[in-house]
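Single-structure report; data block below.
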There are 2 protein chains.
Amino acid sequence: MSELLNPERPMRADARRNRLLILQAACELFASDRPEVQMDDVARRAGVGVGTVYRHFPDKQALMGELVRERFGFFNETLADALADEGADPFEALAGALRTTAASMADDAATRFAFTSGGEGVFAHAAEEMDAFTGLSSTLVARAKAAGELMPEFEAEDIPMVMCGVCAAIDKRHPGWDWRHHLELVLRGMRAGP
Amino acid sequence: MSELLNPERPMRADARRNRLLILQAACELFASDRPEVQMDDVARRAGVGVGTVYRHFPDKQALMGELVRERFGFFNETLADALADEGADPFEALAGALRTTAASMADDAATRFAFTSGGEGVFAHAAEEMDAFTGLSSTLVARAKAAGELMPEFEAEDIPMVMCGVCAAIDKRHPGWDWRHHLELVLRGMRAGP
DNA sequence: ACCTGAACACCGTTCAAGT
DNA sequence: ACCTGAACACCGTTCAAGT
């Protein structure tokens with residue numbers, strides 16, 4: 001265990017700057033078509049020593065986890081926006097939010113890399129944001145059900161599962177795969193029907 | 001590059017036996033809840049030297065790839081069975097085959113590990129079986145479409161994509177996730193409707 | 001208070017020596 | 001013809017020395 005930064009007190013200006021440089025370097029490297037990104041690479045591109053990377057992020061998983069955490073932050077904003085629009089059709093509000101979250105993943109190769117090639121620790125790092133996500137999607141699901149537009153067997157807890165499935169379809173190794181098509185299929189399955 | 005076995009000539013009896021022991025050891029170790037399986041571990045459990053593992057499989061990806069290859073062999077048997085049953089309802093034939101293949105993945109933690117944590121090379125190893133899979137599923141899809149039971153926008157090439165999504169739901173890290181539920185949702189979406 | 005980078009540990013892979 | 005396992009290379013992580 002290295003000399004991790006104390007998250008309580010405010011960072012010194014150079015530390016705050018380094019943290020940003022590291023995150024930015026990680027994004028660029030994870031997004032660029034891999035030949036396996038190393039911590040040394042991240043440090044070099046950020047213009048800092050490896051030790052500094054470890055001072056900000058206890059290990060590689062935490063570095064990846066930060067990308068996941070930030071993206072869940074965006075997911076939550078998206079769901080909150082959908083909730084705020086009281087007049088909208090409840091099913092379309094949910095569907096639209098899911099389309100937006102999926103599209104944001106499709107645009108973010110770095111976080112996709114973190115999602116798939118990081119393990120348990122990556123998600124542990126984003127636990128708080130993931131809880132918020134569950135809360136927000138429960139409300140959206142409840143509204144759509146109340147409107148009779150969502151099939152009753154569908155639960156809010158199914159959302160991370162199906163979205164994870166849709167994410168699996170965003171895979172540069174399979175250029176034929178169409179995640180939008182996959183998502184529409186799932187939405188079709190979710191819709192209440194005879 | 002080590003002294004890879006010549007795949008043309010038949011193996012010596014001890015080599016054939018070792019190959020089986022290595023595969024079996026790999027299965028057991030990949031299936032057991034990870035602390036990262038190493039090639040040395042596989043060799044030790046199989047009772048051979050590491051060099052022997054590399055003699056049979058050029059690298060770790062190839063070892064994982066062999067598990068994937070074998071499972072696709074099973075998938076293809078399943079699809080062939082569904083095709084052979086001419087009297088069956090075409091949509092249910094397809095749906096049943098997908099349920100069987102998914103269930104076999106749910107029972108096989110080792111191959112799931114290979115699917116998710118292996119990279120490009122793992123699938124390259126199984127290319128031939130995957131082509132056969134595409135061919136078989138095209139026929140099943142064509143029949144279900146001809147019967148008017150499958151929505152016209154669904155293509156045979158979508159099957160690996162959606163099954164990959166279902167596989168993502170079979171994840172011990174998320175005990176709440178229900179892959180059967182996910183698959184039924186997708187099947188519901190696939191079905192022809194108004 | 002934070003940074004640096006050489007050193008360490010771990011694990012995939014090879015290869016010289018064996019039967 | 002096939003096997004063995006010590007040795008090598010690579011990469012995640014640490015820590016003693018710096019500012």
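Side chains included, hydrogens not; waters and symmetry mates left out as well; all remaining heavy atoms used. Here is how names work: the chains are called A, B, and so on, in the same order as the sequence lines, proteins then strands, and each is numbered from 1.
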In whole angstroms, how far is the [atom2] atom of [N] from the [atom1] atom of [X]?
| X | N | atom1 | atom2 | result |
| --- | --- | --- | --- | --- |
| B:Arg17 | D:dA1 | CZ | P | 21 Å |
| B:Gln38 | C:dC10 | CD | C1' | 7 Å |
| A:Leu29 | D:dC11 | CG | C1' | 15 Å |
| B:Lys60 | C:dG12 | NZ | P | 4 Å |
| B:Asp41 | C:dT13 | CG | P | 14 Å |
| B:Asp59 | C:dT14 | CG | P | 8 Å |

> Residues in ring-ring contact (aromatic ring centres under 6.0 Å, His included) with B:Phe154, at least two apart?
Replying inline: none

> B:Trp179: what forms a ring-ring contact (aromatic ring centres under 6.0 Å, His included) with it, not counting sequence neighbours?
Replying inline: none

> Touch check for A:Asn6, heavy atoms < 4.0 angstrom, all strands: base, sugar-phosphate only, or nothing?
Replying inline: nothing

>> Restricting to side chain to side chain donor-acceptor pair (under 3.5 Å), what partner residues turn up for A:Glu155, sequence neighbours left out?
In response: none

> Can you name the side chain to side chain donor-acceptor pair (under 3.5 Å) partners of A:Gln61, sequence neighbours left out?
Replying inline: none

In residues 130-137 of chain B, what donor-acceptor pairs under 3.5 Å come from side-chain atoms, sequence neighbours left out?
unit_1: B:Thr134; atom_1: OG1; unit_2: B:Met130; atom_2: O; d: 3.1
unit_1: B:Ser137; atom_1: OG; unit_2: B:Phe133; atom_2: O; d: 2.8
unit_1: B:Ser137; atom_1: OG; unit_2: B:Thr134; atom_2: O; d: 3.2

>> Under the side-chain hydrogen bond (donor to acceptor under 3.5 Å, both in side chains) definition, can you give me all pairs with a residue in residues 142-154 of chain A, not counting sequence neighbours?
In response: none

> Does any pair with a residue in residues 71-91 of chain B pass side-chain hydrogen bond (donor to acceptor under 3.5 Å, both in side chains), and if so which ones, sequence neighbours excluded?
Replying inline: B:Arg71-B:Ser104, B:Arg71-B:Asp108

>> Can you confirm whether B:Asp158 sits close enough to A:His181 that some side-chain heavy atom of one is under 4.5 Å from a side-chain heavy atom of the other?
In response: yes

> When rounded to the nearest 0.5 angstrom, what distance separates CZ in A:Arg188 from CE in B:Met151?
Replying inline: 5.0 Å

> Which range-with-range stems can be found for DNA chain C when each stem has 3 or more Watson-Crick or G-U pairs in a row and both distances sit under 3.5 Å?
Replying inline: C:4-8 with D:12-16, C:12-16 with D:4-8

Are there any protein N/O atoms within less than 3.5 Å of an N/O atom in nucleotides 3-6 of chain C, and if so, which ones and at what distance?
unit_1: C:dC3; atom_1: OP1; unit_2: A:Asn18; atom_2: ND2; d: 2.3
unit_1: C:dT4; atom_1: OP2; unit_2: A:Gly49; atom_2: N; d: 2.7
unit_1: C:dT4; atom_1: OP2; unit_2: A:Thr52; atom_2: OG1; d: 2.7
unit_1: C:dG5; atom_1: O6; unit_2: A:Gly51; atom_2: N; d: 3.3

> Is any side-chain nitrogen or oxygen of B:Tyr54 closer than 4.0 Å to OP1 or OP2 of C:dT13?
Replying inline: yes

